[in-house]
Each structure stands twice: as structure tokens, then as C-alpha cells.
Amino acid sequence: MYSNCGFPLDSRIVFDQSTVKDLCLWNAIVSAYVRNELWFDALLVFCELLIACECKPDNFTFPCVIKACGEIMDSGLLQSVHGLGLKMGLACDLFVCNALVSNYGKFGLVMDAARVFEHNANKNLVSWNSMISVFSKNGWYGSSLGLFGRMLNSQEGMVPDDATLVSVLPVCAAEGEIEMGRMIHCIAVKMKLSKEVKVSNALVDMYAKCGYVTEAQVVFDKNDSRNIVSWNSLIAAYSRDGDVCQTFNILQNMQVKSSLGANEVTILNLLPVCLQRSELLRVRILHAYSLRHGFQYNELVLNAFITAYAKCGSLRSARNVFNCIENRTVSSWNALLGGYAQNGDPSMALDIYLQMSSSNLDPDWFSISSLLLACTELRSLRHGKEVHGFHIKKGSVTDPYIFVSLISLYTRCGKLLCAKFLFEGMEDKSLVGWNAMISGYSQNGLPTEAINLFRKLVCEGIQPHEIVITSVLGACSQLSALRLGKETHCFALKAGLIDDLYVGCSIIDMYAHSGSIKQSQRVFEHLKKRDVAALTCLIAGYGIHGCGEEALYRFREMQMLGLKPDRFTYMGILMACDHMGLIEEGIKCLNEMQVMHGVEPELEHYACVIDMLGRAGRFDDAVELIEDMHVEPDAAIWNSLLSSCRLRGELDLGKQFAGKLLELEPNKADNYILLSNLFAGSGKWDDVRRVRLRMKELGLGKKDAGSSWIEVKGKTYNFVAGDKKFLESKEIQEIWSSLDVGINEIGYVPETVEVTTS
DNA sequence: ATAGGGTTAG
């Protein structure tokens with residue numbers, strides 16, 4: 001009697017006072033403890049029962065004990081109890097079997113659960129549901145759906161209930177099995193289960209995870225009984241879709257229409273959609289709300305805030321959240337580590353890793369993955385190799401993420417053979433893996449290899465996605481391979497990937513680099529959505545083609561449309577100005593980028609303007625600008641000034657610039673050649689000899705030979721200066737001679753004083 | 001029934 005009132009202590013007294021203890025009494029006390037979640041007490045009484053030997057536990061005792069084993073997370077004990085049950089001949093009992101199945105499942109012992117399930121001769125609905133759920137919760141998705149099918153076709157005529165549907169729907173969600181999901185939706189409607197809150201919520205979740213946000217919304221709208229889980233699922237749907245506005249609209253609706261407040265899960269669903277600087281305020285508001293509601297004790301919430309703050313550009317706030325965590329787990333460290341690695345402070349990421357190791361925590365695969373990203377960003381092969389070594393030492397689990405990160409690390413550090421070795425060793429090469437390798441080739445100036453690998457990918461019957469197309473277009477662009485580029489453009493059209501903004505940009509860029517700015521413009525005009533990046537590509541394209549005016553026009557148009565130019569846009573416009581010698585416009589752009597759009601000029605931006613000034617002979621202005629910069633000038637800047645001095649015969653200034661250049665790059669042959677050409681231009685032959693002697697002393701080889709190539713009927717021909725391979729062909733020689741004559745007639749006088757060593 | 005952190009691209 002007491003056992004039902006939540007006073008196990010009282011029932012214990014009654015129990016202890018009884019002189020004759022029958023099984024009924026034992027069972028009452030065991031189940032009282034279980035009901036009150038006093039698992040250890042339940043197990044102790046069970047032991048007492050066994051020791052007392054007065055009576056044998058039955059098919060009511062066992063399920064209680066099995067549940068207790070599951071709750072205290074002791075799989076060994078569970079197995080012992082199972083053995084005992086077998087000995088007592090209870091292993092075939094329906095209730096014992098069902099309890100065993102779900103508790104084996106809890107420990108991930110799926111095979112053991114399945115064995116018990118199959119062994120059970122009289123399965124009821126709970127048996128089927130339990131097994132389906134065990135498969136589903138342990139990631140055995142195929143088996144879960146398979147068993148669901150078996151259940152529908154079973155001879156016992158099993159009819160699924162809400163619990164069944166709620167177990168299989170997450171499987172469809174995880175596997176993106178929209179067809180199966182729809183079928184289950186039909187079953188739910190037919191059986192009048194679709195209005196059950198749990199079923200309806202699971203449906204919303206399933207549609208959302210399969211990418212059908214509208215359908216998720218429809219299911220949500222059709223059901224009037226909603227709880228916080230329903231709202232959370234819908235919020236998650238829009239958040240996953242990256243729709244910031246809708247995500248927060250739903251939140252507002254939830255608060256207004258149903259007067260429900262956000263809980264921890266709501267926050268966890270809201271935060272991932274905040275991944276831009278512009279969402280920082282939202283994160284701060286959510287943070288304040290969370291503090292007010294005591295969510296700061298939830299580890300998941302804190303980690304999510306660290307990530308969100310980092311993504312929104314406030315690494316300081318991310319750090320503050322982290323500092324407030326009392327019991328830091330590997331996950332908390334990982335959140336911070338990833339925050340620094342992904343958001344522009346890779347060296348801090350390495351620092352965090354050291355701190356993490358010294359606080360006795362063992363980095364896991366997530367940590368390694370972030371570390372590799374940091375090393376890649378830093379182009380630090382040394383650190384990268386260390387991390388790789390550490391990963392191998394840890395047992396080197398073949399995690400696809402790690403593989404891809406390693407490939408990316410090695411390609412970014414120019415070690416393509418290492419990358420290729422890893423790529424070929426990948427068991428199932430993911431699309432991302434293919435892309436890492438393809439873009440690796442492309443980034444290292446090996447566009448032909450990139451395209452060949454892409455062909456291989458298509459031949460293997462893999463369907464490429466937007467990102468791969470972007471990489472391939474980048475390779476085409478480098479080759480100026482118009483035909484190949486067009487082919488890729490068509491491929492993207494056919495594959496329906498053309499509406500992606502990145503793809504659009506790459507196509508514009510590819511046509512511009514392949515000599516067809518008209519095509520770039522046409523592609524741009526046909527874009528469904530024009531963003532900053534697309535306009536930037538077009539502006540840069542105009543720059544390449546010497547259309548400075550058009551570039552400036554588009555640049556103004558962009559601002560009128562209310563689009564904010566970014567650092568890439570400024571790079572494009574400055575290069576266009578540089579190309580056309582539009583110095584004043586260039587200087588104006590440089591001056592306004594910080595003031596008007598908050599884009600801080602980087603070295604490349606300065607380099608462009610300095611190059612312009614140098615070409616115009618305004619060396620004083622150039623030097624003044626260098627002194628004003630808040631960054632140290634790099635070799636490229638001195639190189640460009642030195643080149644300008646050579647063209648203008650500015651010997652003394654040139655020598656100064658050369659000094660700076662050689663300080664930074666003392667071992668590059670090209671720099672010495674440039675200096676020697678400066679001397680040659682002024683007839684200082686002694687100095688020329690001196691420079692060349694110095695080169696010999698330093699053991700510097702020849703300058704890289706300049707080369708050019710052209711695509712004719714799909715075949716690419718390479719030309720290197722001094723190459724006799726093609727010039728032997730009579731036709732080419734004849735054309736060349738006539739060009740030579742023509743160019744002289746217009747007044748071109750070739751410069752012959754330069755001395756090259758090639 | 002809803003719940004995190006990592007990989008590829010300009």
C-alpha cells in the first residue's frame with residue numbers, strides 16, 4: 001500500500017517487519033524502489049532475495065531488476081542478471097525479453113538485444129517497438145527500417161502505434177529517406193495518429209532534416225496541439241535552412257501565440273543560425289536570456305554560445321563564456337579551439353591546444369580536426385606534421401573529416417604528393433575528399449591535374465555538387481581554357497547547379513579569364529540573385545580586360561543597390577584602376593574603404609595603389625603611403641617599385657628599393673635579375689657583372705622561364721621563351737615575321753638592353 | 001518526440 005505513495009522507506013519498514021516473506025512481498029518492495037528511481041536499493045533487495053532462498057524471483061521481479069541495471073549503467077551486471085534468468089527458465093518470458101532488449105540497446109549491445117528479440121517466440125507490439133527503437137537509437141538505420149517492414153508484413157498482423165512511428169521517423173530523418181518518411185506520414189494519417197503531438201513533432205523533424213522546410217511547416221500548421229518540442233522542431237527547421245529571419249519570427253510567434261518561453265533546446269536550435277557579424281546582437285540577447293533562466297549550467301548551451309560568439313566575430317566574448325565554465329570538458333575546449341581556428345586566429349588555436357593538453361585533458365578527433373585547420377591556415381607544415389603524427393599515435397581512426405583536413409593541409413603547404421598518397425588511401429572517398437584534392441591541384445597551379453581528377457570523379461559515377469564545380473571552374477580559369485570552361489558551364493546547367501552563387505561567380509570569373517568578358521556580363525545579367533560576390537567577380541573581370549570605366553560604373557551601381565563592398569570588391573576595383581592607370585580613383589577608393597564601409601585595407605590593397613603610383617613615377621607618394629601603412633610592406637611591394645624604377649631609369653631610388661627587397665627575399669633569383677636589369681638600363685655594366693657574380697656565389701639558379709599557352713581545338717599548346725619546338729613550323733614563323741613588321745610600323749621599339757640568364 | 005563541436009570553395 002505504501003509503495004504506491006512514494007514512500008519506499010515506509011514500505012521498507014512494513015517489509016522488514018513481516019516475518020513470512022512471500023514472493024509477492026519481495027516484488028512489491030523491488031518495484032517500489034524502481035518506481036522511486038532508487039536503483040541501488042532495488043538491486044540490493046534483489047540480492048537479499050537470492051540469499052534468503054525462500055522463494056525464486058519470477059517474471060515480474062526480473063524486468064524490474066533489468067531496468068535497474070540499465071539505469072545504473074552497469075552492463076556487466078545486466079549480463080549476469082540475464083544469465084540468472086536463463087538458469088531460472090525465465091529467458092523466454094515476454095516481459096523479461098522486452099526488458100532485456102531495450103536495456104541491451106541502452107549499452108549499444110545491439111547484437112545481444114537482437115538475439116533476445118529473435119529468441120522471443122511470442123512477440124507483442126512492445127517487443128517490436130523496442131527492437132526497432134534499439135536499432136534506430138544505435139544508428140543501425142537499415143536494420144530499423146527493415147524490421148519495421150517485417151513488422152508490417154508479419155503474420156501476427158502487427159499494427160504499428162504512435163511509439164512505432166516515433167521510432168522510425170528519426171531514421172528517415174537521419175538517412176534523408178524522404179520517400180519512406182512520406183509513407184510513414186500516410187500510415188500516420190490513415191491510423192489517425194498524425195495529430196498525436198509526438199508523431200506530429202517527429203514528422204516536422206523528419207521533413208526538416210530531409211530538407212523539406214515547407215512541408216515541415218504544413219505539418220506543424222495542421223496540428224493544433226503544440227508543445228515546446230513542436231516549436232523547437234520548427235525553429236530547428238528554419239535554422240538548419242539558414243533562414244535567420246524566419247527562425248526568429250517563429251521564436252516570436254511561439255512567445256506571443258502560445259506564451260511558451262524558450263528552453264535550453266530552443267537556444268541550442270537558435271544559435272547555429274547566427275553565424276555572421278550582423279547577428280552578434282541576437283547572440284548577446286539570447287545570452288542575457290539564458291543567464292536569466294539559469295541555462296548557464298548546461299554544458300551544451302555554453303559550448304553553443306562559444307561557437308556562436310566566435311562565428312559572429314567576437315572571439316573575446318567567446319573567451320569570456322569559456323572562462324566562466326567551471327568544469328571544462330574536452331567539448332568546451334573544442335568549442336573554443338574551433339572558434340579560434342575557424343575565425344581568423346589560428347595561432348591562438350595552437351596556444352589553446354597547449355593549454356588544453358596541460359590541463360590533463362585528452363584531445364579527441366574534433367580537437368585534431370580543428371588543429372589541422374589552424375595549421376592549414378598558418379601554412380605551417382611543421383605543426384601540421386606534428387598533429388598528423390599525434391593522430392597516428394592515437395590510433396589513427398579513419399575519420400573522413402580528418403582525412404580531408406590532412407589533404408587540405410598538405411596541398412596548402414604545397415606537398416601534393418603527400419596529399420595524393422592520403423587521397424588514394426581513402427577507403428570511401430567522399431565528395432568533399434575529391435574536392436579537397438581537385439582544389440589542391442588547382443591552387444598549386446596544376447589545373448590540368450585538377451581537371452583530370454574531375455573527369456575521373458565523373459567517370460566513377462559520382463554526382464558532383466556546387467563546390468566541386470567551383471573548384472573545376474577555377475582550374476579552367478587558370479588555363480584560360482574557354483572550351484573546357486564552357487563544357488563545365490554546361491555540366492553545371494545540366495546538373496541544375498547554376499543557381500548557386502559561388503558557381504555563378506566562378507563562371508563569370510572563368511569567362512573573364514578566358515578572354516570573353518561579354519560572356520561574363522551575360523552570365524551576370526542572367527543570375528537569379530546578384531550579391532556582392534557576383535558583382536565583385538564582374539568588376540574584377542572588367543579590370544582584367546582593361547575596362548576601368550565599366551568597373552567603376554558597376555562599383556557605383558553596387559553601392560546604389562545598397563550592397564556593401566568587401567575586401568574582395570576593393571581588391572577588384574583597385575586592380576582595375578591599376579590596370580588602367582586611374583590613379584586618383586584608386587587613391588579615393590583606398591581612402592574611403594575604411595571610412596565608408598569599415599573594410600580595413602590590407603597589404604594587397606596598398607600594394608595595388610603603390611604599384612599605380614610607381615608606374616606613374618610618383619615615388620615620393622608611394623614611399624609616403626608605405627610609411628602610413630599599419631602593416632609592414634612585403635617583398636611584392638618593393639618588387640613592384642623596383643620594376644617601375646627600371647622602366648623609368650630611376651637608378652638611385654631603384655637601388656634603395658632593391659636593398660629592401662633583398663633584405664626580405666635574399667634567395668630569389670628573380671630579384672637579382674630585376675636589379676641587374678636596372679643597372680643594365682643605365683649602362684652600369686660593372687654593376688651588372690657584380691650582381692651576377694653575387695648570384696653565382698649564392699648558388700642561385702636561373703629565373704623561371706616565362707611561358708604562355710593557347711588552347712586550339714581542345715588541345716593546349718605551351719610556349720616557353722626560346723622554345724624552338726613550334727617555331728620550326730613554317731606557318732608560325734611566317735605569321736610571326738609579319739607581326740614583327742606590323743608592330744614596328746606602329747612604332748614599337750623592342751627593348752634590348754635587358755640581360756636575361758635564361 | 002526537439003539538443004554540439006570538425007572537412008571542401010572566391
Contact interval (first through last nucleotide) of DNA chain B with protein chain A, 4.0 Å heavy-atom:
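First-to-last contact on DNA chain B, by the 4.0 Å heavy-atom rule, is B/dA1 to B/dG10.
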Can you give each donor-acceptor pair under 3.5 Å made by side-chain atoms of residues 227-240 of chain A, sequence neighbours left out, with the distance rounded to 0.1 Å?
| from | atom 1 | to | atom 2 | distance (Å) |
| --- | --- | --- | --- | --- |
| A/N227 | OD1 | A/N201 | ND2 | 3.3 |
| A/N227 | OD1 | A/V229 | N | 3.1 |
| A/N227 | OD1 | A/S230 | N | 3.1 |
| A/N227 | OD1 | A/S230 | OG | 2.9 |
| A/S230 | OG | A/N201 | OD1 | 2.8 |
| A/S230 | OG | A/N227 | N | 2.9 |
| A/S230 | OG | A/N227 | O | 3.2 |
| A/N232 | OD1 | A/T266 | OG1 | 2.8 |
| A/N232 | ND2 | A/N263 | OD1 | 3.2 |
| A/S233 | OG | A/V229 | O | 2.8 |
| A/Y238 | OH | A/Q217 | OE1 | 2.5 |
| A/S239 | OG | A/N269 | O | 2.8 |

Any base atoms under 4.0 Å from [X], or only sugar-phosphate, or nothing? Heavy atoms, all strands.
| X | value |
| --- | --- |
| A/D364 | base |
| A/A202 | nothing |
| A/V265 | base |

Is the shortest side-chain heavy-atom distance between A/D162 and A/M191 below 4.5 Å?
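Answer no - side chains too far apart.
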Check whether any side-chain heavy atom of A/D509 sits under 4.5 Å from a side-chain heavy atom of A/L473, and report yes or no.
no
Tell me whether the centres of the aromatic rings in A/F148 and A/W128 are closer together than 6.0 Å.
no
Residue among A/V458, A/L484, A/T488 satisfying side chain to side chain contact (heavy atoms under 4.5 Å, CB included) with A/V472
A/T488
Could I get the full list of ring pair (Phe, Tyr, Trp, His ring centres under 6.0 Å) partners for A/H465, not counting sequence neighbours?
none
Could you pull out all residues at least two apart from A/F421 that satisfy ring pair (Phe, Tyr, Trp, His ring centres under 6.0 Å)?
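Checked A/F421 against ring pair (Phe, Tyr, Trp, His ring centres under 6.0 Å); zero matches.
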Of the residues in residues 449-456 of chain A, which ones touch DNA chain B at a heavy-atom distance under 4.0 Å?
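None, since no heavy atom is under 4.0 Å.
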Enumerate, atom names and distances included, each donor-acceptor pair closer than 3.5 Å involving a side-chain atom of residues 299-309 of chain A, sequence neighbours excluded.
| from | atom 1 | to | atom 2 | distance (Å) |
| --- | --- | --- | --- | --- |
| A/E299 | OE2 | A/T329 | OG1 | 2.4 |
| A/T307 | OG1 | A/N303 | O | 3.1 |
| A/Y309 | OH | A/H287 | ND1 | 2.8 |

